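So the structure is just underneath, and the comments pick up after that.
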Amino acid sequence: MSVPLIESLETLIVDLPTIRPHKLAMHTMQRQTLVILRLRCSDGIEGVGEATTIGGLAYAGESPESIKTNIDTYFAPLLIGQPAGNINAAMLRIDRNVRANTFARSAVETALLDAQGKRLGLPVAELLGGRVRDGLEVAWTLASGNTATDIEEAERMLDLRRHRIFKLKIGSRDASLDIAHVAAIKRALGDRASVRVDVNQAWSEAVAMRACQALGDAGVDLIEQPIPRQDVQAQARVSARSPAPIMADEAIESVEDSFNLARAGAAPVFALKIAKNGGPRAVLRSAHIAEAAGIALYGGTMLEGSVGTLASAHAFATLSKLEWHTELFGPLLLTEDILVEVPVYRDFELKIPTTPGLGVTLDEERLQHFRRR
Ligand code: MUC
Ligand code: MG
């Protein structure tokens with residue numbers, strides 16, 4: 001029996017407008033840039049993957065342009081001619097020849113899984129062992145930069161039954177202003193919603209000590225990455241003192257980071273991101289480390305488009321516990337999609353596709369229209 005081989009990898013940079021500016025501590029997004037990977041195999045099957053970051057190089061060490069260049073120049077020659085159905089062997093080849101570059105790896109691993117799922121007639125979640133849930137509750141990020149606008153937006157999401165968990169992006173200004181902003185939103189929403197914050201590493205340990213206390217007093221449920229990623233000991237100290245649980249996000253840039261954070265007792269909650277671990281299978285390794293250490297899980301996003309969002313969803317669907325739910329709302333932040341059928345969000349949940357592979361079909365016309373030339 002002849003085994004299907006990987007024939008080609010094509011990467012496209014796609015720029016899509018956002019529904020409004022999205023303000024984070026390190027960058028204000030006016031659009032999102034996706035790197036879409038099309039991995040073609042000798043049996044005629046194509047696997048699709050995505051690698052997406054936030055704000056060029058503002059968030060992480062890979063940019064859309066570097067992801068494209070590195071897949072084209074380094075990953076593709078390693079993979080072309082290799083068996084398409086042996087994902088372990090393909091990723092091992094990359095492990096042996098490529099350091100870091102987890103975003104690019106994630107696109108490759110996703111595309112291999114999509115192709116193999118299509119080949120075997122299995123959705124990616126089933127390829128990963130099987131789903132234990134059909135939908136994922138999805139948080140929404142309030143990041144307009146204005147308190148009244150954020151409250152209106154939250155009310156609209158509650159009315160639509162789309163979201164009842166809200167993450168507030170803070171950290172770009174004085175902590176006291178941010179705390180007042182968060183407290184006003186929590187007061188307006190009360191018990192109808194869970195309110196959480198993401199500081200995106202903006203505070204020092206000293207600021208975080210005071211601010212976490214005030215946020216806990218204001219009724220905030222979860223505080224994400226209050227201090228810079230590298231200071232694991234300081235994060236453990238802040239975590240020990242904070243009345244609201246601390247979640248590690250930027251602190252996890254690899255599966256090894258997850259292990260080191262777990263060992264240091266640095267955070268009781270981990271944000272899982274396929275891009276930061278190297279793909280939908282790789283992120284499950286971090287999840288399993290966390291589970292073994294008694295750390296709770298949250299399904300995170302790099303604000304991917306529909307391909308990356310559904311790749312994450314298939315992986316998260318297989319986890320036995322996902323106590324803090326997910327924030328897989330990336331496609332809803334964009335005015336346009338590049339899929340024929342867009343992901344389904346209903347009754348506070350993202351539904352996980354049941355068709356083979358990721359369950360996505362690229363809309364060729366839209367892809368051509370929005371791709372960067
Ligand atoms: C992050 O830091 O978590 C996730 C949601 C959002 O609004 O920004 C991202 C990145
Ligand atoms: Mg975050």
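Being a predicted model, the structure only gives us computed values, none of them experimental. Each residue takes its place number in the sequence, starting with 1. Read the numbers this way: they start at 1 and go in the same order the structure lists the ligands and their atoms.
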Could you tell me, atom by atom, which parts of ligand 1 come under 4.0 Å of a heavy atom of [X]?
X: I54; result: 9 (C), 10 (C)
X: E224; result: 3 (O)
X: T141; result: 5 (C), 6 (C), 7 (O)
X: D249; result: 1 (C), 2 (O), 3 (O)

* To do: May I ask you to decide whether R372 forms a salt bridge with E65, counting only side-chain N to carboxylate O separations under 4.0 Å?
  =>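 Salt bridge between R372 and E65, a charged N being under 4.0 Å from a carboxylate O: yes.
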
* **Contact partition for F329 relative to ligand 1, non-hydrogen atoms under 4.0 Å** =>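 For F329, only side-chain atoms sit under 4.0 Å from ligand 1.
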
* Distance-only polar pair, side chains of D174 and S176, donor-acceptor under 3.5 Å ->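 Looking only at side-chain atoms, S176 and D174 do form a donor-acceptor pair, the distance falling under 3.5 Å.
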
* Worked verdict on I170 versus W203 for side-chain contact (heavy atoms from CB on, under 4.5 Å) -> CA-CA 10 Å; I170 59 174; W203 292 338; 3.9 Å; yes

Need the atom name: nearest N/O/S atom of [X] to the Mg ion (ligand 2).
X: D198; result: OD2
X: E224; result: OE2
X: D249; result: OD2

* At their closest point, which heavy atom of L142 faces which heavy atom of R20, and how far apart are they? ->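 Distance-wise, the nearest heavy atoms are CA-NH2, 4.3 Å.
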
* How long is the gap from CG on L39 to CD1 on I80, to the nearest 0.5 Å? ->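 Result: 8.5 Å between the selected atoms.
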
* Asked: What's the verdict on salt bridge (Lys or Arg N to Asp or Glu O under 4.0 Å) for E10 and R40, showing C-alpha distance, side-chain angles and the deciding distance?
  -> CA-CA 8 Å; E10 184 192 1; R40 297 188 179 98; 3.0 Å; yes

* **Verdict with supporting geometry, R192 and E155, salt bridge (Lys or Arg N to Asp or Glu O under 4.0 Å)** => CA-CA 10 Å; R192 293 178 298 143; E155 292 290 0; 2.8 Å; yes

* Using heavy-atom distances, let me know which of M29, M302, K169 sits nearest atom 1 (C) of ligand 1. =>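 Looking at heavy atoms only, the winner is K169.
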
* Taking atom 7 (O) of ligand 1 as the point of reference, which of E304, E250, K167, H22 owns the nearest heavy atom? ->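 Answer by nearest heavy atom: H22.
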
* Using the side chain to side chain donor-acceptor pair (under 3.5 Å) rule, collect all pairs that involve residues 207-216, keeping only residues at least two apart or in two chains. =>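 Residue pairs with at least one partner in residues 207-216: Q213-D217.
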
* Run the contact test for K273 against ligand 1 with a 4.0 Å cut-off on heavy atoms, strictly below, and give the result. =>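 Judged by the 4.0 Å heavy-atom criterion, K273 does count as contacting ligand 1.
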
* Asked: For Q225, is the nearest heavy atom under 4.0 Å from an atom of ligand 1?
  ->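 It does not, in that no heavy atom of Q225 comes within the 4.0 Å cut-off of ligand 1.
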
* Apply side-chain contact (heavy atoms from CB on, under 4.5 Å) to K276 and D249, showing your working. => CA-CA 9 Å; K276 306 262 220 76; D249 180 13; 3.1 Å; yes

* **Polar atom proximity, N200 to ligand 1 (N or O, under 3.5 Å)** =>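 So ligand 1 has an N or O lying under 3.5 Å from an N or O of N200.
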
* **Polar atom proximity, T301 to ligand 1 (N or O, under 3.5 Å)** =>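 No, since none of the N or O atoms of T301 sits under 3.5 Å from an N or O of ligand 1.
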
